[in-house]
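In this chain, numbering begins with 1 at the start of the sequence shown.
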Amino acid sequence: EVQLVESGGGLVQAGGSLRLSCAASGFAFDDYVITWLRQAPGKEREGVSCIARSGGRGDGITHYVDSVKGRFTISRDSAKKTVYLQMNSLKPEDTAVYYCAADVRVLCYSGAYVVDYDHWGQGTQVTVSS
């Protein structure tokens, strides 16, 4: 069974940090681009960051949307089949449900956030208080 399970969300004050995890199982993790997206109340879902598949062309490539550049860092651990999103200098506007998604077809670049992803996690709530 394919699963993506997010964890690490919570309540934090502005300027604080959180590290989200996306644990994968049931598919060839290294072959998939993993993407973080978020959805705030009353707003459309938006992309946050993606990381390329491991071991092939483009290995190590990451992408961040402008609003999180310099504050968020995405990484992946193939041995643990987990992708992390380290979020620093959090702002109230970062408040949202954060989802990870996986797809074998996409590339990690600015266009990765509009894809109909194969697999989704259930989401984890991040709340940043001012």
Side-chain angles (χ1 to χ4, degrees):
E1 179 186 4
V2 172
Q3 276 195 317
L4 291 171
V5 180
E6 300 99 332
S7 61
L11 173 64
V12 64
Q13 288 188 329
S17 299
L18 285 173
R19 188 176 80 156
L20 305 184
S21 299
C22 172
S25 61
F27 62 96
F29 176 76
D30 285 351
D31 293 342
Y32 282 66
V33 168
I34 307 295
T35 297
W36 285 98
L37 304 100
R38 65 188 180 186
Q39 188 164 19
K43 295 187 177 181
E44 291 190 355
R45 188 172 60 213
E46 63 175 359
V48 176
S49 179
C50 61
I51 188 164
R53 55 186 57 83
S54 299
R57 189 176 63 178
D59 186 10
I61 287 177
T62 58
H63 183 275
Y64 302 91
V65 297
D66 288 345
S67 60
V68 307
K69 277 181 184 176
R71 300 188 299 122
F72 290 12
T73 303
I74 192 170
S75 61
R76 67 192 296 161
D77 184 330
S78 293
K80 295 183 178 180
K81 296 187 177 181
T82 300
V83 168
Y84 303 99
L85 186 68
Q86 178 67 44
M87 306 188 297
N88 298 328
S89 302
L90 283 161
K91 304 175 181 180
E93 51 263 44
D94 294 318
T95 295
V97 177
Y98 283 69
Y99 300 91
C100 63
D103 199 286
V104 70
R105 301 162 294 169
V106 304
L107 298 176
C108 179
Y109 75 115
S110 60
Y113 308 115
V114 295
V115 171
D116 184 15
Y117 278 80
D118 286 339
H119 308 302
W120 288 86
Q122 82 289 349
T124 186
Q125 176 70 48
V126 171
T127 304
V128 184
S129 63
S130 57

Is a side-chain N or O of [X] found less than 3.5 angstrom from the main chain of [Y], in a donor-acceptor match?
{"X": "Gln122", "Y": "Glu6", "answer": "yes"}
{"X": "Arg38", "Y": "Thr95", "answer": "no"}
{"X": "Ser21", "Y": "Tyr84", "answer": "no"}
{"X": "Arg53", "Y": "Val104", "answer": "yes"}
{"X": "Asp103", "Y": "Asp118", "answer": "yes"}

If we only count heavy atoms from C-beta on, is the [X] to [Y] side-chain gap below 4.5 Å?
{"X": "Phe27", "Y": "Leu4", "result": "yes"}
{"X": "Lys81", "Y": "Ser25", "result": "no"}
{"X": "Tyr64", "Y": "Thr73", "result": "yes"}
{"X": "Met87", "Y": "Val126", "result": "yes"}

Any idea which heavy atoms bring [X] and [Y] closest together, and the distance?
{"X": "Arg71", "Y": "Leu90", "value": "NH1-CA, 3.8 Å"}
{"X": "Cys50", "Y": "Val33", "value": "CB-CG1, 4.3 Å"}
{"X": "Ala101", "Y": "Leu37", "value": "CB-CD1, 4.0 Å"}
{"X": "Trp36", "Y": "Leu20", "value": "CH2-CB, 3.6 Å"}
{"X": "Ser49", "Y": "Leu85", "value": "CB-CD1, 4.2 Å"}
{"X": "Ser78", "Y": "Asp30", "value": "OG-OD1, 2.8 Å"}

Rounded at 0.5 Å granularity, tell me how far [atom1] in [X] sits from [atom2] in [Y].
{"X": "Leu18", "Y": "Gln86", "atom1": "CG", "atom2": "CD", "answer": "8.5 Å"}
{"X": "Ser130", "Y": "Gln13", "atom1": "OG", "atom2": "CD", "answer": "9.5 Å"}
{"X": "Thr62", "Y": "Tyr109", "atom1": "OG1", "atom2": "OH", "answer": "16.0 Å"}
{"X": "Ile34", "Y": "Ile74", "atom1": "CD1", "atom2": "CD1", "answer": "8.0 Å"}

Thinking salt bridges, do Lys69 and Asp66 make one under a 4.0 Å N-O criterion? yes
According to the interplanar angle, ranging from 0 to 90°, do the rings of Trp120 and Tyr117 count as parallel (below 30°), tilted (30 to 60°) or perpendicular (above 60°)? perpendicular
Tell me whether Arg76 forms a cation-pi arrangement with Tyr32, defined as NZ or CZ under 6.0 Å from the six-membered ring centre and within 45 degrees of its axis. no
Quick check on the hydrophobic clustering: are Val12 and Val48 connected, directly or via other members, by side-chain heavy-atom contacts under 4.5 Å? yes
